J.: 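Structure in structure tokens, see below.
Keep in mind the model is a prediction, meaning the values are calculated, not measured.
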Protein chains: 2
Amino acid sequence: MAVAALEEEMRIGELAARTGVSVRALRYYEEQSLLGAERGPGGQRHYPEGAVGRVRLIQQLYAAGLSSRTIVELLPCVVDGQATPALLKRLAAERERVDQRIAELAQARDRLDSVITAATGSMLTGASCRRAADT
Amino acid sequence: MAVAALEEEMRIGELAARTGVSVRALRYYEEQSLLGAERGPGGQRHYPEGAVGRVRLIQQLYAAGLSSRTIVELLPCVVDGQATPALLKRLAAERERVDQRIAELAQARDRLDSVITAATGSMLTGASCRRAADT
DNA sequence: CTTGCCTCTGACGTCAACGTCAGGTTCTAG
DNA sequence: CTAGAACCTGACGTTGACGTCAGAGGCAAG
């Protein structure tokens, strides 16, 4: 087994282990041009240390609900700071989308809360309470 | 054309129009047992006024990231207030999930913000700024 | 009665982000 | 040198919430 902690490069399995995403996902990222990789003489992928952060970033953007197509458009901007006004608009738009989504979720959560409260109450009283809140 | 505003019932097209979801989606909801419908003599679906709120509720739960299978399990509880302890646990768990998702999104949004800030700065200075923040 | 819109039931298509399997190659420990 | 782990490239499968199309029937207006 090779020493990994001090190495500069790693193969796909280690990157997967260190990021928590599957090997398949990493290859998919490459296919989508989200993540580059150098190839050894045997055709195997080699990643630098920085790939770990890159993958985490990708994951975060996915978590933000961005599609891979969107991410691939915005990544150069994010990584290199090379932002055109158009890209900045896009970024701001995505940010807005995320904010709206958060608001949506918060509303849904509140709805769940009221449902839980109502249901808990009905259980305690043994009553069959009808609708509690609308919209 | 029939007067609709004062009618008690409506057909699928009107329900779709009033809720903003597609006719196909409404039929899908019925298929998933999320939304009942009475049938006229010609086999057409007729919905009461309350269906509007019901559909909105379903939409909110979808927006909360719940699957239709989950929703169909929880809907009796939500609508009728008939909650078993098991259902309450399920509701609470879903609420937790939503909260976690919100936190995730907030983090992603902050990340986007920092990216935007950095990119804007680099544009203003004309510099090629490298990575600004990690994780 | 007919025209035209609305509705019906299947049933296949879609899209994203991978999972999974097959068949072959490369690397590494012993 | 050799076994076995890790890796490679296709390529098909999966899942959820619908979209879309085809062919047939229902409903109100003129």
J.: Determine, for nucleotides 5-21 of chain C in 5'-to-3' order, which nucleotides have protein heavy atoms under 4.0 Å from the base (write B), from only the sugar-phosphate (write S), or from neither (write -).
T.: -SSSB-B-----BBBB-
J.: What is the separation between atom CD on E31(B) and atom P on dA17(D), rounded to the nearest whole Å?
T.: 12 Å
J.: When rounded to the nearest 0.5 angstrom, what distance separates CG in L66(B) from CD1 in I71(B)?
T.: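 Taking CG in L66(B) and CD1 in I71(B), the distance rounds to 5.5 Å.
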J.: Check R18(B) with E14(B), please: is the shortest side-chain N to carboxylate O separation under 4.0 Å?
T.: yes
J.: With side chains defined as the heavy atoms from C-beta onward, is the minimum distance between E30(A) and R27(A) less than 4.5 Å?
T.: no
J.: Answer yes when E38(B) and R45(B) have at least one side-chain N-carboxylate O distance shorter than 4.0 Å, and no when they do not.
T.: no
J.: Are Y62(A) and T70(A) close enough that some pair of their side-chain heavy atoms sits under 4.5 Å apart?
T.: no
